[in-house]
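Proteins get letters first, then strands, A, B, ... in listed order; numbering begins at 1 in each. This structure is a prediction, so every number in the text was calculated from the model and none was measured.
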Amino acid sequence: SQQGEEDPQALSIQEGENATMNCSYKTSINNLQWYRQNSGRGLVHLILIRSNEREKHSGRLRVTLDTSKKSSSLLITASRAADTASYFCATSQIDFGNEKLTFGTGTRLTIIP
Amino acid sequence: EPEVTQTPSHQVTQMGQEVILRCVPISNHLYFYWYRQILGQKVEFLVSFYNNEISEKSEIFDDQFSVERPDGSNFTLKIRSTKLEDSAMYFCASSPGQGLVYNQPQHFGDGTRLSIL
């Protein structure tokens, strides 16, 4: 698999349910970040988890990171119609210089009212 | 909340023409980036820029591409002779850079949709 692959590719759930998206990567990382992209819009940063962290929360978002499995998950609890968007994980590789993000293929989340 | 702004939102250009995409990063940020997203594909890194020079560039960023920070606020991406395959959404991003550059989120603009005819 390529660096930063999310699954599922698409997910439809009822409003109020929880949504879980997964991301796998191949190389060692500094951190892993999750972004949201509404159709035709830019990328909105959601949460950053460092390689030495295992879990992080921000509001209704919960991110886990398992560096031994090279995987991460994003959980959105109590979903709302406004959460409908594409969600991308992006990894920052261990390197000198600036942080280059490598994005995954994304999960298209649809919340059904 | 401070934002990264990009202009224009949509640019239509004839193949072979030069195009300049403009970005105003967040004012106290020190690291600047360009990414692109071809329709239906992943977001791809193009180039990073710090202290008025390129710090890293991808294979995509060939001699047709250049970046510049002409003044204290703008950050531009120039494509000298556009090709059909340059059609994509181009995103500018910036990050603070104080202290360790790692582990800081990058803030993205809304993008410029570039259409090459």
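Under a hydrophobic clustering in which Ile, Leu, Val, Met, Phe, Trp and Tyr are joined whenever their side-chain heavy atoms come within less than 4.5 Å, directly or via other members, B:M15 and B:L39 fall into different clusters. B:L21 is connected to B:F65 through a chain of hydrophobic side-chain contacts under 4.5 Å among Ile, Leu, Val, Met, Phe, Trp and Tyr, so both are in one cluster. Neither B:V12 nor B:V19 shares a network with the other; the hydrophobic side chains, linked directly or stepwise wherever heavy atoms of I, L, V, M, F, W or Y lie under 4.5 Å apart, form separate groups for each. B:L77 and B:I26 are members of different hydrophobic clusters when ILVMFWY side chains are connected at heavy-atom separations under 4.5 Å. Hydrophobic clustering keeps B:V47 apart from B:V4 (ILVMFWY residues linked when any side-chain heavy atoms are closer than 4.5 Å, directly or through intermediates).
A ring-centre distance under 6.0 Å is found for B:F108 and A:Y35.
Within 6.0 Å of the CD atom in A:Q9, the count of heavy atoms belonging to other residues, nucleotides or ligands does not exceed 12. Other residues, nucleotides and ligands contribute only 12 or fewer heavy atoms inside 6.0 Å of the CZ atom of A:R80. Dense packing is recorded around CG of A:N52, with more than 12 heavy atoms of other residues, nucleotides or ligands lying under 6.0 Å away. Within a 6.0 Å radius of CD in B:E3, no more than 12 heavy atoms belonging to other residues, nucleotides or ligands are found.
Residues of residues 41-48 of chain A having a heavy atom under 4.5 Å from any heavy atom of chain B, listed by number: A:R41, A:G42, A:L43, A:H45, A:L48.
Judged by distance alone, the side chain of B:Y35 and the main-chain N or O of A:L101 form a donor-acceptor pair under 3.5 Å.
No side-chain donor from either of A:Q33 and B:Q106 sits under 3.5 Å from a side-chain acceptor of the other.
For B:Q41, no part sits under 4.5 Å from any heavy atom of chain A, backbone or side chain.
Note that CG of B:D110 and CD of A:Q37 are 9.5 Å apart. Values are rounded to the nearest 0.5 Å.
Between A:F103 and B:K42 the shortest heavy-atom distance is O-CD, 3.4 Å.
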